[in-house]
Structure formats: structure tokens, C-alpha cells
Amino acid sequence: MTVKKTGKFYRRVLAAAAILLALCMAGCGPIASSSPLTQREMGNEAGTDLRVHFIDVGQGDSTLVEKDGHFMLIDAGERDQGEVVASYLEKQGVKKLDYVIGTHPHSDHIGGLETVIRKFEVQKVLLPEKEHTTKVYERLLDAIADKNLKITLPKPGDSYSLGDASFQIIAPNKDYGDNLNNWSIGLRLIYGKNSFVLCGDAEKDAEKDMMANGLPLKADVLKLSHHGSSTSSSEGFMDLVDPEYGVISCGKNNDYGHPHKEILEMLKKRNIKALRTDQLGTIVAVSDGSKVTFPEITEGTDGDRSQGTAADKDYVINTNTKKFHRPDCKSAASMKEENRKTYKGSREELIQMGYEPCQSCNP
Ligand SMILES: [Zn+2]
Ligand SMILES: [Zn+2]
């Protein structure tokens with residue numbers, strides 16, 4: 001490790017190490033391999049759905065995970081999004097956050113965390129072992145100190161419980177020097193047969209190490225790393241995660257051109273449904289432990305499951321772009337009146353007529 005062992009960050013970490021034994025005895029540390037995790041994995045008859053909210057924070061990341069009244073927040077967008085995230089959390093009934101994770105010290109991830117940490121009761125904060133010199137990072141450490149919280153360092157392989165769901169740390173796997181993106185905390189969230197992978201802005205180097213560490217990566221939903229940038233989502237990594245849905249958190253017309261065209265093409269080629277916060281706003285995924293749905297977006301149309309008796313449905317078609325949409329799709333609402341038509345029928349008929357399904361609403 002070439003990281004300088006000074007400053008507030010390390011004082012927090014050392015304090016955390018000092019109470020590690022106490023934490024373990026209190027049973028709120030990482031789940032040891034001999035702990036009753038298997039019981040959690042097996043039965044969840046009394047459990048409620050797992051909900052993963054990809055909160056629209058413009059160009060940035062913020063994900064709220066909710067299970068059985070337990071909450072985890074991963075990132076909170078730029079500093080000016082702190083209030084947006086806090087009020088979203090309030091609306092979801094959050095009083096206490098079991099976990100707050102700052103994936104890496106870039107401001108589009110940790111900027112809003114200061115506000116959130118000051119506003120809510122927080123049990124555990126995870127940050128990667130990488131200091132940064134910015135004001136926004138200092139403010140985060142101050143908020144953590146003021147609330148008397150300790151920083152927990154992520155260790156690949158460690159598992160934590162969230163209600164009767166759990167998550168396993170899959171990154172970072174080594175010292176990435178000054179590449180902050182590669183320091184991103186990556187995790188795989190698991191509930192029953194469903195899983196989600198989220199890795200902040202981890203780039204291809206970090207993905208290579210995740211592939212090498214031997215921990216499972218398969219997921220139903222992948223939050224595309226680095227806002228859909230081509231610095232991330234290497235072919236090998238995508239092969240292992242092999243998701244059905246790819247969520248991209250990015251701002252409308254952002255300065256970076258995220259998501260990059262190559263990534264959208266790669267998703268299309270792999271038949272992965274792309275869901276973007278710049279097009280859909282906040283995206284909520286729901287898992288009952290056996291399947292993942294996006295009730296506000298793809299209700300009743302995810303995949304070709306049994307309800308798909310080729311029943312007639314209403315679609316909105318664009319006679320100019322030759323795309324068809326679900327009636328509630330945002331781009332359906334914004335299209336020019338003269339190109340807009342309502343169509344009642346099946347998607348097969350539309351495809352035969354030369355229409356293409358919209359990539360964001362997946363009709
Ligand atoms: Zn970053
Ligand atoms: Zn970022």
C-alpha cells in the first residue's frame with residue numbers, strides 16, 4: 001500500500017479497528033462464513049420485496065436499497081443533490097440507514113452524502129481506503145466524525161445482511177494509486193435467486209481484478225459502471241455478470257457523452273435491456289426473490305413470460321422514427337404531435353410493420 005497513513009481518514013479507520021472486537025461480539029460486523037447466512041438465503045417466506053431505487057441525481061450516482069424496513073444508501077450524487085436525495089429518502093419512510101456507502105471520493109458520488117449523514121441516523125459507513133484532498137471529501141469526513149461514526153473498510157468476500165437480503169463486497173481488490181474510479185467499492189446484492197451488481201465508476205482494470213478474485217458476479221441487474229462510459233464494462237466482465245437489465249445513471253446531455261455509444265450497442269447486441277435515469281428519471285427495481293420487475297416502467301411486459309398471451313395492447317407509435325413505445329414512456333410524451341399515433345394490437349404486428357421497440361420503455 002502506498003497510501004499515506006495520515007489525516008482524518010486514518011484516525012477514523014484506526015478508531016474503527018480498535019472497536020472491531022466489540023463490533024464482532026455485538027454481531028454487527030461482516031457475516032463470518034460460519035454465521036447463519038445460509039438460513040437467510042434459504043427461507044424468506046415472511047420477507048417483503050427487495051426494492052432498489054436508482055435515484056435520478058442528474059450526472060452522478062445514488063442508489064437506495066430497501067429490505068424489510070432496513071435501508072442502505074450507495075452514493076448521493078453531487079453536493080447540490082444532497083437535499084434531493086434526503087427528501088427522496090424521507091418519502092420512502094427512511095429514518096435510519098443501516099449502511100451508507102461512498103463508492104469512491106469523486107464528487108458526483110459522495111457530494112450529497114454529507115447532507116444525508118447529518119440528517120439521518122446512520123449505523124455503518126463504508127469508504128474505500130483512499131484519501132482525497134477535495135473540500136467535498138473533507139466535509140464528508142467531518143460529517144462522519146461529528147456523528148461519531150467509524151469508517152468500515154470494504155474487504156472483498158465480506159458479506160453483510162440487510163433484512164433477509166445480503167450483499168457481498170467484490171471490489172476494490174488492490175491499490176489503484178491515483179485512479180479514483182478503480183478504487184470504487186463494488187458489491188453484489190443478493191435476495192433469494194435474484195442479484196444486483198453495483199461498482200460505482202470501476203474501470204476495466206478493476207473489473208479484471210473482480211473477475212480474478214473468484215467471487216460470484218452473475219446478476220439480473222447491473223448498474224453500468226461509470227455512467228455507461230466505455231472505460232468500463234469490458235467483454236469478459238459482461239460475460240460473467242450476464243445481466244438481463246443494465247441501469248445507467250447519468251444526466252441529460254451531460255458533458256461526458258455518457259452513456260457512450262459503444263456501450264449502448266454492446267447492450268443491444270447482448271440483448272440487455274437498457275434503463276437510463278436521464279430518460280426515465282428515478283428507476284425502481286423490485287425483487288420478490290425469484291424475479292426482478294420494474295413496475296413503473298415495464299409492468300407486465302418484462303420478458304416473454306406466461307402472461308404474454310398475445311393480447312392486444314395500446315402502444316404509441318412514432319410514424320417518423322418508426323419506434324413504438326408504451327403509452328407511459330417519457331419519450332412517447334415528448335414526440336411531435338404529427339408523428340404520434342396510438343396503435344392497438346400486438347408488438348409482433350408492429351415489428352412486422354417495420355417498427356422497432358423503444359430501448360428505454362421496452363414495450
Ligand atoms: Zn468517478
Ligand atoms: Zn461518477
Nearest atoms (heavy-atom pairs only) where [X] meets [Y]:
| X | Y | value |
| --- | --- | --- |
| Tyr315 | Pro363 | CE2-CB, 3.8 Å |
| Ile170 | Asn173 | O-ND2, 2.9 Å |
| Pro156 | Pro172 | CG-O, 3.3 Å |
| Ser233 | Glu207 | N-OE2, 2.6 Å |
| Ala219 | Ser195 | CA-OG, 3.4 Å |
| Tyr245 | Leu275 | CD2-CD1, 4.0 Å |

Going by atom types only, do [X] and [Y] share a side-chain donor-acceptor pair under 3.5 Å?
| X | Y | result |
| --- | --- | --- |
| Asn181 | Glu203 | yes |
| Asn254 | His227 | no |
| Asp56 | Thr282 | no |

Are [X] and [Y] in one and the same hydrophobic cluster, where Ile, Leu, Val, Met, Phe, Trp and Tyr link if side-chain heavy atoms are under 4.5 Å apart?
| X | Y | value |
| --- | --- | --- |
| Leu64 | Leu127 | yes |
| Phe54 | Leu162 | yes |
| Ile283 | Val241 | no |
| Phe237 | Trp183 | no |
| Leu187 | Leu222 | no |

Using 4.0 Å as the upper bound for N to carboxylate O, is an ion pair formed by [Y] and [X]?
| X | Y | answer |
| --- | --- | --- |
| Glu129 | Lys155 | no |
| Asp178 | Lys130 | yes |
| Lys269 | Glu265 | no |
| Asp49 | Arg51 | no |

Counting only N and O atoms by type, is there a donor-acceptor contact under 3.5 Å from the side chain of [X] to the main-chain atoms of [Y]?
| X | Y | result |
| --- | --- | --- |
| Thr319 | Asn339 | yes |
| Arg276 | Cys250 | no |
| Thr277 | Val57 | no |
| Lys204 | Ser230 | yes |
| Gln123 | Tyr99 | no |
| Ser232 | Ala202 | yes |
| Ser184 | His104 | no |
| Ser161 | Gly163 | no |
| Asn318 | Asn320 | yes |

| task | Would you sort out whether Gln81 and Ile55 count as a side-chain contact (heavy atoms from CB on, under 4.5 Å), showing the intermediate values? | result | CA-CA 10 Å; Gln81 296 298 308; Ile55 305 169; over 6 Å; no
| task | May I ask you to check whether over 12 heavy atoms, not counting those of Lys208, lie within 6.0 Å of atom NZ? | result | no
Taking the side chain as C-beta and beyond, is there a heavy-atom pair between [X] and [Y] under 4.5 Å?
| X | Y | result |
| --- | --- | --- |
| Lys67 | Thr48 | yes |
| Thr134 | Pro105 | no |
| Asp164 | Tyr191 | yes |
| Asn179 | Asp205 | no |
| Met335 | Thr321 | no |
| Ile169 | Ile185 | yes |
| Ile248 | Leu267 | yes |
| Pro259 | Leu224 | no |

| task | Give the C-alpha distance, both sets of side-chain angles, the deciding distance and a yes or no for side-chain contact (heavy atoms from CB on, under 4.5 Å) between Phe71 and Leu73. | result | CA-CA 7 Å; Phe71 294 94; Leu73 182 71; over 6 Å; no
| Among Asp75, Leu198, Ile101, Leu189, side-chain contact (heavy atoms from CB on, under 4.5 Å) partner for Thr63 | Leu198
| message | Out of the candidates Pro357, Cys361, Ser360, only one should pair with Arg326 under the side-chain contact (heavy atoms from CB on, under 4.5 Å) rule; please name it. | response | Cys361
| Parallel, tilted or perpendicular, as decided by the 30° and 60° cut-offs, for the rings of Phe167 and Tyr160 | parallel
| What is the ring orientation for His260 with His258, classed by angle as parallel under 30°, tilted 30 to 60°, or perpendicular over 60°? | perpendicular
Rounded to the nearest 0.5 Å, how far apart are [atom1] of [X] and [atom2] of [Y]?
| X | Y | atom1 | atom2 | answer |
| --- | --- | --- | --- | --- |
| Lys124 | Thr152 | NZ | OG1 | 3.5 Å |
| Gln59 | Lys252 | CD | NZ | 12.5 Å |
| Ile190 | Asp220 | CD1 | CG | 11.5 Å |
| Asp61 | Glu78 | CG | CD | 11.0 Å |
| Leu97 | Ile74 | CG | CD1 | 11.0 Å |
| Ser107 | Leu140 | OG | CG | 12.0 Å |

| Stepwise side-chain contact (heavy atoms from CB on, under 4.5 Å) check, Leu50 with Asn194 | CA-CA 10 Å; Leu50 169 78; Asn194 294 137; 5.9 Å; no
| By salt bridge (charged side-chain N to carboxylate O under 4.0 Å, His left out) - contacts of Lys147 (at least two apart) | none
| request: Report the C-alpha separation of Arg118 and Asp142 in whole Å, then their side-chain angles, then the decisive distance to 0.1 Å, and conclude whether the side-chain contact (heavy atoms from CB on, under 4.5 Å) test is met. | output: CA-CA 10 Å; Arg118 291 195 189 281; Asp142 287 344; 4.1 Å; yes
| What about Tyr88 and His53, are their ring centers closer than 6.0 Å? | yes
